[in-house]
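Atoms within a ligand are numbered from 1 in the order they appear, just like the ligands themselves.
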Amino acid sequence: MAKRKRNKNRGGSSIPPSDPPIRPHMQSPRRTVPAGIERPPYALTGDPGPSVLPIVRTPDEIEAMRKAGAVAAEVLLHVGEHVAPGITTDKLDALAHEETIRRGAYPSPLNYRGFPKSVCTSVNEVICHGIPDARQLQDGDIINIDVTVFIHGVHGDTSVTFLVGDVDEHSRHLVRETRAALYKGIETVRPGSKVNDIGRAIENHARANDLSVVREFIGHGVGPEFHSALAIPHYFDRRAATEIAENMSFTIEPMLNLGGPELYVWDDDWTAVTADGRRTAQFEHTMVVTSDGVEIMTKTASGTEPAEVFAEVTV
Ligand code: MF3
Ligand code: CO
Ligand code: CO
């Protein structure tokens, strides 16, 4: 039974493209951030420049990342409560923006390389970097909301894929196993492990569940810079042999697909969609390596992870 199901799903041949396809809708005017809020250097120009900082954090930076991670998680929890059929992705962006500045933080995506909004909202076959707009969520959609905030001089970066109303079983499988793949990757992290142990664990989990792994977008060093030099592929890459060391800070953010791994980017230069139109999901955490493992930064002050709160309850 299990074997037949795997064969049936291989390559996604029995899984139809998401229908109708996602199309761009109108964007609202740019939102503003109060003058008193500390901005990352690119906020004015859009240009983050090259990554120049170390990949390990100081104790003060780690404490700041705990706070930034908690703000990001709390904003994501807040926005997630509003996910429902009929709400526009622009409204979700407005909610995230308001909640971020209310907590004294800057919404990191805003003007990062010119990105026009405060979060990324990626629906159905949109892999990542979807721009919030006037499209209303439909019953049966899946949506990744990717929240990054800048506060106390560092970024916290986290995302969850939500189910909107009554979602088909293939999509539920995709979302459930993409979330599991993130934790499979996290479990490998400790001083002395290799960066490519993360991708190996994620790729193995994807393969065992008939899902493909996106290769063009990867996890990254994060801290005072939104994207720093460390690269974390979500597939096994022999060359990603960097040894994990205490106090390294980075994200893991696997994007898994029901169909093939190929993608293209819309001519807005941001929205990445699967080439075959089949659905895709993503989960992301920001973490710092400890003396014997890893600490997840993107959880609330009381330890709640948004991915746990919104995880599908299997009945
Ligand atoms: N949050 C995304 C990540 O996980 C990056 C978004 S860049 C933006 O790395 F400009 F699109 F916001
Ligand atoms: Co990230
Ligand atoms: Co992110």
Side-chain angles (χ1 to χ4, degrees), residues 24 27 30-31 33 39-43 45-49 51 55 65 68-69 71-73 75-76 79-80 89 92-93 96-97 100 105-123 126-133 143-150 154-162 178-179 182 185-186 198-199 202 214-234 248-256 263 265-266 268-273 280-288 296-299 305-307:
Q27 289 172 28
R30 191 164 293 232
R31 296 184 215 288
V33 176
R39 286 147 210 267
Y42 58 79
T45 63
D47 180 10
S51 171
I55 59 176
M65 289 195 68
V71 171
V75 170
L76 183 53
V79 178
T89 52
L92 296 171
D93 181 75
H97 184 88
T100 301
Y106 180 91
S108 306
L110 189 60
N111 207 30
Y112 179 79
R113 299 187 192 278
F115 191 81
K117 292 290 163 190
S118 299
V119 287
C120 299
T121 51
S122 302
V123 178
V126 178
I127 295 170
C128 63
H129 302 164
I131 301 172
D133 65 17
I143 177 173
N144 177 274
I145 303 178
D146 191 340
V147 171
T148 315
V149 303
F150 180 78
V154 298
H155 299 268
D157 187 4
T158 187
S159 84
V160 162
T161 299
F162 299 89
T178 304
R179 176 176 175 275
L182 166 61
I186 292 172
I198 299 168
I202 291 169
V214 170
R215 301 174 74 90
E216 283 83 350
F217 300 100
I218 61 183
H220 51 91
V222 62
E225 297 169 330
F226 193 171
H227 294 99
S228 63
L230 190 58
I232 314 284
H234 304 114
M248 279 183 176
S249 61
F250 54 87
T251 74
I252 305 179
E253 49 182 295
M255 287 141 276
L256 269 48
L263 62 80
V265 176
W266 285 1
D268 62 13
D269 285 339
W270 282 106
T271 311
V273 298
T280 174
Q282 179 178 28
F283 285 80
E284 174 175 27
H285 268 311
T286 293
M287 62 206 74
V288 176
I296 293 175
M297 296 291 155
T298 34
K299 56 190 188 193
E305 297 174 34

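In terms of N/O distances under 3.5 Å, ligand 1 is not approached by Trp270.
Within ligand 1, the atoms closer than 4.0 Å to a non-hydrogen atom of His220 are 3 (C), 4 (O), 9 (O), numbered from 1 in the order shown. Close approach to Thr148 involves these atoms of ligand 1, each under 4.0 Å from a residue heavy atom: 1 (N). Listed by number with element, the atoms of ligand 1 under 4.0 angstrom from any heavy atom of Cys120 are 6 (C), 11 (F), 12 (F).
Residues Leu110 and Val33 are in side-chain contact: their nearest non-hydrogen atoms beyond the backbone lie under 4.5 Å apart. The closest side-chain heavy-atom distance from Leu182 to Gln282 is not below 4.5 Å. Side-chain contact check for Phe226 versus Val154: every heavy-atom pair is 4.5 Å or farther apart.
Heavy atoms of Glu253 come nearer than 4.0 angstrom to ligand 1 in at least one pair. At least one heavy atom of Asp146 sits less than 4.0 Å from an atom of ligand 1. Using 4.0 Å as the threshold, His227 has a heavy atom nearer than that to some atom of ligand 1.
With a 4.0 Å heavy-atom cut-off, ligand 1 is reached by no atom of Cys128.
A centroid separation of less than 6.0 Å is found between the aromatic rings of His129 and Phe217.
The backbone N or O of Val222 sits less than 3.5 Å from a side-chain atom of Ser249, completing a donor-acceptor pair. In terms of modelled atom types and a separation under 3.5 Å, the side chain of His234 and the main chain of Arg215 share no donor-acceptor contact. Looking only at distances, no side-chain donor or acceptor of Ser118 sits under 3.5 Å from a matching main-chain atom of His97. With Thr280 contributing its side chain and Leu256 its backbone, the two residues share a donor-acceptor pair below 3.5 Å.
A search for salt bridge (Lys or Arg N to Asp or Glu O under 4.0 Å) contacts involving Lys299 returns nothing, not counting sequence neighbours.
Nearby protein atoms of type N, O or S around the Co ion (ligand 3) amount to 4 (distance under 2.8 Å).
Note: Tyr112 and Tyr42 have perpendicular aromatic rings, judged against thresholds of 30 and 60 degrees for the angle between ring planes.
Between His285 and Glu305, the side chains place a donor N or O and an acceptor N or O closer than 3.5 Å (distance only, hydrogens not considered).
From the protein, the heavy atom lying nearest to atom 12 (F) of ligand 1 is Pro109 CB, 3.0 Å. Looking from atom 3 (C) of ligand 1 to the surrounding protein, the closest heavy atom is Asp157 OD2, 3.4 Å.
Using a 4.0 Å cut-off between charged side-chain N and carboxylate O, Arg31 and Asp93 make a salt bridge.
Within the set Phe115, Tyr112, Phe217, the minimum heavy-atom distance to atom 7 (S) of ligand 1 is found for Tyr112.
No other N/O/S atom of His220 lies as close to the Co ion (ligand 2) as NE2 does.
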